[in-house]
Amino acid sequence: MSDAKEAKKLSRIGSEVKASDASGQIFKGLQVWCDCAPGVKQDPSLMFAKCLVLPGSTAQTFKLKQVEPEDPENRAFDAPQSSVYNTNQNIDPLSFPDIGMIPHTNVAAVVDFIRTRFLKKQIYTTADPLLLAINPFKDLGNATDEVIKKYRDTGDAAKLPPHVFSVAREALENLHGINKSQTIIVSGESGAGKTEATKQIMRYFAAAKSGKIDLKVQKAVLAGNPVLEAFGNAKTIRNNNSSRFGRFMQLAVAPGGGIEFGSVRNFLLEVSRVVTQDDQERSYHIFYQLLKGLTGDQKSKFKILGPTQYKFVNAKCLDVPGWDDVQDWKEVNESLHSMGATEEDINGIIRCVSAIMMLGNVTIKGENKNGVPDAATIANPAEFQTVCDLLGISAQDATIALVTKITQAQGQEIKGVYNAADTEILKLSMAKAVYNELFNWIIRKLNSNIEPPSGFDKFLGMLDIFGFEVFQNNSLEQLFINITNEMLQKDFVDVVFDKEQKLYRSEGINTADLVWTTNAPIIDCLTNKKSSVISYLEDTCLAPGGDDKKFLAGAAGALSSNKHFAKAKISSDINFIITHTIGDIQYNSTGFIAKNKDMLKAELVEVMQKSSSHVTAALFKDVTITKGKIGKSQLISSVFLGQLTKLMELIRSTEPHFIRCLKPNEEKQALKFTSAKVLIQLHALSILEALQLRNLGYSYRRPFEDFIKQFKFLDLGITENKSLDPKTAATQLLEGSGLKPQEFQIGHTMIFLKHEATKALTQRQRELMAAWEPLTALLEAMYKAYSTRQLIKTLTPSIVRVQAHIRANLVRK
């Protein structure tokens, strides 16, 4: 389905226009948005056109004339009431940084508001509690060191336009202000700018006021970015620098800025990209950086061939427009050194990458051997010898491990031979396993230099993860990615909606019931332990003779009544459809079983562990695989769900902040805005639902103690009065603040404030504190003068003695 058609369906969730007075008379001359105007019919991606209400309109049918974009034929037309939406007339979108502040928040008004700001280079907009960040596909100069200083040092940050630095500042202040760990969740589809937003936030955290931070750790943390991008990012059809792994980073940041410690967790690296890429896609950046960036002597040393000579490297797409792989390798090489990697470490890394590329050129053929008509054998042993030399392993032992099949029967080990197809799968698994473990080793290397010695007491977390993926052919990798996004979507819904209502009820706060949708049934369809897509995938993997078609048949039979699962109309024996939060996605089950069982066999792991290369040996040092059988816990899906569960538990233990990255067009064209494309993302990222909450709920809630601590300078007589319990003190503080009764509520354990009330209290406290600034400066100067006099008194005897020596010396001369 096209973006315009999908967006057309979603536009109906907006509130329709109310264009009549109490008598039912339609207001003539009113401007409205319409989704069936002549301009929209001509260009469906426009979604809405601004129109003028004409005489003769009724509550059911509007007579309209399109005014923006201007209709060359100046036609009048009829539109049903359901296709007409209110406009926000006579307002300047640049003066409203938060969407929730505009009078009308129907879908047409919201899209126009975001579009207008974006085209005027305001790429950040708030939809409390979210920050929207639209990828401009060009450098707007809004993330310089000067901009960081402005957002870091300005007294009233609320007066500054929305920015990722605003989110970073709030998270840092909350980390130390309320002493609770924070997480910034950066989400959006591929190409929306998640990686760039994450890097900018890290730059903000690294900008210390005092300059007293140990720069060694901070330098190592920041050095990790280009290295992780080189090994974890790739050019895809939609994005030239797509993160093909999930990253959760924990940072210990000083109150005034400056990264003190850090730690990186990775998950869901797309290892299949190592062995195959689509026509217009590349493998990971590091392959091309080495192919182009190494010197001639280095290429000879590490057995590097030409870029078009490798089967694992797509020869149809070797370059990225505007990218310099040679220069990027120089930066990665420097960053590896900053991370603490030695020359021997770096040489080992290059050897591993070279071996992986060469492994693709190793040919497996079948021949009649030991009674097996298609027994596997290596057709070009010289190439395989090169692979083994690069990895520092025995070619003989590795060959035996690749072609020899070992099974367990009645406690005895039985040796046989693999056929060519099975050994080819093992070869691919070997390449993917080496790369996966190399990536893990690099992250361990990074963490060993940046992690706090005794763990994190509290931390700033950042989650940078790929968004929902929908390709022409979606396989197991896309299923895992989309399950992850459903989990994150549910967490957002829980935090912003479900928890809101539960919190209000438990605190005795009066508010209208909030209406929201939950994706819990989708997650249940995908991951339920007893009956789900994953459960049937795992059962089929463990069952003798299980294959892709048996998996799908079993899942389809069990989930036939589930509205979120359906067999596809075409090739229904291999294709199925999941109704995700963002819509229907079709998956091709071909290869699901092999990929889910994809692991390096135990005998090959043992060969790797005996490597003479310290890097290769270290990659597999702690990898253990049971010989001859596979358990459920070893399946890729089980490992993935285990990692995802731990990640979500960690995130839920923190206070979350949400950045939603939007991709304005598919062409990656600078400052081009496609309304249909953006509307789909506004729906998928729950931005429209967040606006509904903003209009009804209380954006600020803190326990009485935290509220008093945050706003204690409003009235020190109250907040420092130890005879008052926290609730009484907080109540008295609010009653004397000048806020209107409807702007706050006092719960059983918490204070609840409207967004504007929070801003008003913050501004009032800063004004009061500013009034004390002259006295503070005077006292500081007096104390400094006193300290100086005391120092002079201490030094006077020494000064007198020096003077005496000088005079004596002058007399002698």
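Counting begins at 1 with the first residue of the sequence.
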Could [X] and [Y] be called an ion pair, given the rule that one side-chain N must be under 4.0 Å from one carboxylate O?
X: K50; Y: D112; value: no
X: E655; Y: R702; value: yes
X: E666; Y: K663; value: yes

Between I99 and T105 the two heavy atoms that sit nearest each other are O-CG2, 3.7 Å
Please report the closest heavy-atom contact between S243 and D464, naming both atoms and the distance.
->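 It is OG-OD2, 4.0 Å.
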Partners of Y151 by ring-ring contact (aromatic ring centres under 6.0 Å, His included), sequence neighbours excluded?
-> H163
For S166, side chain to side chain donor-acceptor pair (under 3.5 Å) partners two or more places apart |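 Partners of S166 by the side chain to side chain donor-acceptor pair (under 3.5 Å) criterion come out as none, since no residue qualifies.
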How long is the gap from CD on Q122 to CD1 on I134, to the nearest 0.5 Å?
->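 Nearest 0.5 Å value for the CD-CD1 distance: 11.0 Å.
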Point-to-point distance, once rounded to the nearest 0.5 Å, from CZ of F752 to CD1 of I746 | 11.0 Å
Scan for salt bridge (charged side-chain N to carboxylate O under 4.0 Å, His left out) pairs involving residues 174-199, sequence neighbours excluded, and state none if there are none.
->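 For residues 174-199: E189-K677, E196-K199, K199-E229.
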Per the ring pair (Phe, Tyr, Trp, His ring centres under 6.0 Å) rule, which among F62, W33, F48 passes with Y85?
->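 Only one option passes, and that is F48.
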Stepwise, does the side-chain contact (heavy atoms from CB on, under 4.5 Å) test hold for K458 with L175?
-> CA-CA 8 Å; K458 56 185 178 182; L175 175 73; 3.9 Å; yes
